[in-house]
Amino acid sequence: MKNLLASVALSVVLGTPAAFAAEVDTIAILTPEQGSDYGWNQQGVEAAKAAAEATGVEIIVAEGLGYGDVRAPMRELAADGADLMIAHASGYNTAGPEIAEETGVPVAIVDSPDALVKGLVADYTLSGHEGAYLAGRLAAKMTTTGTVGIVVSGEPPSWNSQSAGFAEGVHAENPDVKILYSVIGPAAYSDAAGGNRVTTSVIAAGADIIFGQGNGSSFGMIQAVESNKATDGSDVLFIDVIGDKSELDKGHLLTSVLWDMTPVYTAMIEDLKADQFGTHGYAISLADDSVKLVKTPQVDEAAWTEVMALRDQIIAGEITVEPKFDAEDVRALVTVTE
């Protein structure tokens, strides 16, 4: 692990020992950015730590690995005793299965639901589409310009499903609200400058609420929201995803589609022990609060009450929101801006 220690921040968190966990003693999570981004990386790291504690195993956190080739650090983690490696980036879904086959250490990847190999490769392409639908309903209730925007740092399946869910929520609430859609780049996850530039252009085109999906680029989106007024002179509001940036908010965060991946990682560990790893995918949902909306001071109380009633209807099966993972499906629901 000397090379890995020299190149990335690495920590070991001890879980509570448990006799039944003999076959899975240590898990590892690999993230492209630091686990302090109030988003994808932080939620992944915190969930992995919680799952390790819940199942009585140790965890190695390898963060800040970037979006390039992670084969070397994965080999080192395998050699260091990891019994499961969680490759927490869509860019790792090629190297992950290769290293799993090479080392025999099971690997969990994202955005490759067809890559399952029993006992060796599992996929957790998660979808917060139900929460995004509710965010769309909220946005349509609160827009004053009649235009909202979706800004994304790429078009991976999880982003697409949320974009589609958001658009469907807007349309269900008010079909007259216009939805502008803009992509920063094919894999611009950490491009904060691009996030600022693209979001500024979407605001200039009329959007007063921005649904942003971006990892590090989301900080650029927030800068644009904070520094620009809507075309009607009102403040622009931001809807975030996956994490909770409330403590950084300067009065522009409307809500966030919050993900809790703890149940997913816990299920992976239990599946590995039960010889079921790699036999199925994993999901998050409103029903167990692994997907939920964050309430901020910017939320209109009456609108929030109505949206929470819609949440209950989704859980009861009275409203069905199907995930759409293809970019083409998203683009059919929105006005694309370049």
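Worth knowing before you read on, the calculation uses all heavy atoms, side chains too, and leaves out hydrogens, waters and symmetry mates. This is a predicted model, so every value here is computed, not measured.
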Rounded to the nearest 0.5 Å, what separates atom CG in L120 from atom CG in L272? 10.0 Å

Any side-chain heavy-atom pair of Q43 and L258 under 4.5 Å: yes

Contact check, side chains of D249 and Q298, non-hydrogen atoms, under 4.5 Å: yes

Dump the intermediate steps for side-chain contact (heavy atoms from CB on, under 4.5 Å) on S218 and Y38, then the final yes or no. CA-CA 10 Å; S218 65; Y38 297 90; over 6 Å; no

Rounded at 0.5 Å granularity, tell me how far CD in E322 sits from OG in S161. 12.0 Å

Using modelled atom types and a 3.5 Å cut-off, is there a donor and acceptor pairing between side-chain atoms of N196 and backbone atoms of Q223? no

For the atom pair OG1 (T335) and OH (Y181), what is the distance rounded to the nearest 0.5 Å? 12.5 Å

Suppose we screen for side chain to side chain contact (heavy atoms under 4.5 Å, CB included). Which residues come up paired with S227, at least two apart in sequence or across chains? none

Are the side chain of S290 and the backbone of D260 linked by a donor-acceptor contact shorter than 3.5 Å? no

In short, A100 meets V121 closest at the heavy-atom pair CB-CG2, 4.1 Å

Got a donor-acceptor contact below 3.5 angstrom from the D191 side chain to the S217 backbone? no

List for me each residue that meets salt bridge (charged side-chain N to carboxylate O under 4.0 Å, His left out) alongside D329, sequence neighbours excluded, and say none if there are none. none

Of all heavy-atom pairs between S90 and V110, which one has the smallest distance, and what is that distance? N-CG2, 3.4 Å

Taking the basic N atoms (NZ, or NE/NH1/NH2) and the acidic carboxylate oxygens, is any pair closer than 4.0 Å for R71 and E102? no

Determine whether a donor-acceptor pair (N or O, by modelled atom type, separation under 3.5 Å) exists between the side chain of T262 and the backbone of A51. no

Of all residues at least two apart in sequence or in a different chain, which pass the side chain to side chain contact (heavy atoms under 4.5 Å, CB included) check with A78? M85, T103, V105

What do you reckon, is NZ of K141 surrounded by more than 12 foreign heavy atoms closer than 6.0 Å? yes

Of the non-hydrogen atoms in A135 and I239, which two are nearest, and what is the gap between them? O-CD1, 3.9 Å

N/O donor-acceptor pair under 3.5 Å between S256 side chain and D244 backbone: no

Same apolar cluster (I L V M F W Y, side chains within < 4.5 Å links), I315/L138: yes

Checking side-chain hydrogen bond (donor to acceptor under 3.5 Å, both in side chains) against Q162, which of H129, E130, Q213, K324 comes through? Q213

Under 4.5 Å between side-chain heavy atoms, counting indirect links through other Ile/Leu/Val/Met/Phe/Trp/Tyr residues: same cluster for L237 and L248 or not? no

Evaluate the side-chain contact (heavy atoms from CB on, under 4.5 Å) criterion for residues Y124 and I86: first the C-alpha distance (whole Å), next the side-chain angles of each, then the deciding distance (0.1 Å), finally the verdict. CA-CA 10 Å; Y124 64 109; I86 301 170; 3.2 Å; yes

Taking only residues at least two apart or on different chains, which pairs with a member in residues 285-304 satisfy ring-ring contact (aromatic ring centres under 6.0 Å, His included)? none

Given 3.5 Å as the limit, does a donor-acceptor pair link the side chain of D37 with the main chain of G216, or not? no

Worked verdict on K273 versus T55 for side-chain contact (heavy atoms from CB on, under 4.5 Å): CA-CA 11 Å; K273 296 174 184 178; T55 55; 4.1 Å; yes

Ignoring hydrogens and geometry, is there a side-chain-to-backbone donor-acceptor pair from N41 to E33 under 3.5 Å? yes

Checking one residue: I184. Which other hydrophobic residues are in its cluster under the side-chain 4.5 Å linking rule? V151, L180, V198, V202, I203, I210, M221, I222, V225, V236, F238, L253

Nearest 0.5 Å, what's the CG-OG1 distance between L84 and T26? 10.5 Å

Is Y92 close to V107 at the side-chain level, that is, under 4.5 Å between some pair of heavy atoms? no

For the pair R75 and E98, find out whether any cationic side-chain nitrogen is under 4.0 Å from an anionic carboxylate oxygen. no

As a quick check of understanding, evaluate side-chain contact (heavy atoms from CB on, under 4.5 Å) for S285 and V291, giving each step before the final call. CA-CA 5 Å; S285 71; V291 177; 5.5 Å; no

Okay, side chain of D83, backbone of D25: is any donor-acceptor separation there less than 3.5 Å? yes

Verify, without hydrogens or angle tests, whether D80 (side chain) and E76 (backbone) share a donor-acceptor contact under 3.5 angstrom. no

For the residue pair I27 and I60, establish whether any side-chain heavy-atom pair is separated by less than 4.5 Å. no

Is any NZ, NE, NH1 or NH2 atom of the basic residue among R137 and E173 found under 4.0 Å from an Asp or Glu carboxylate oxygen of the other? yes

T255 side-chain N/O to V294 backbone N/O, donor-acceptor pair under 3.5 Å: yes

For the pair K118 and D271, find out whether any cationic side-chain nitrogen is under 4.0 Å from an anionic carboxylate oxygen. no

Output the distance between atom CG (D240) and atom NZ (K245), rounded to the nearest 0.5 Å. 3.5 Å

Between I179 and the options V336, V148, T147, the side chain to side chain contact (heavy atoms under 4.5 Å, CB included) test singles out V148

Pair T144, D208: side-chain N/O donor-acceptor within cut-off below 3.5 Å: yes

Holding to salt bridge (charged side-chain N to carboxylate O under 4.0 Å, His left out), I want the full list of residues that pass it with D235, two or more places apart in sequence or in another chain. K229

Which residues pass the ring-ring contact (aromatic ring centres under 6.0 Å, His included) test with W40, not counting sequence neighbours? H88

Less than 4.5 Å apart, any side-chain heavy atom of P113 and any of F325? no

Rounded to the nearest 0.5 Å, what's the gap from CD1 on I269 to CD on E23? Could you check? 13.5 Å

Can you pull out every ring-ring contact (aromatic ring centres under 6.0 Å, His included) where at least one residue sits in residues 203-235? Sequence neighbours excluded, please. F166-F211

Test side-chain hydrogen bond (donor to acceptor under 3.5 Å, both in side chains) applied to S112 and T125, N93, T94, D123, the passing residue: N93

Which heavy atom of N160 sits nearest to which heavy atom of A327, and what is that distance? ND2-N, 3.4 Å

In chain order, what residues pass the ring-ring contact (aromatic ring centres under 6.0 Å, His included) check against Y282, with sequence neighbours excluded? H280

Co-members of the apolar cluster containing L116 [side chain, <4.5 Å]: none

Not counting sequence neighbours, which residues clear side chain to side chain contact (heavy atoms under 4.5 Å, CB included) with E318? List them please. Q313, A316

Output all residues satisfying side chain to side chain contact (heavy atoms under 4.5 Å, CB included) with S158, sequence neighbours left out; order by chain, then residue number. D111, P156, W259

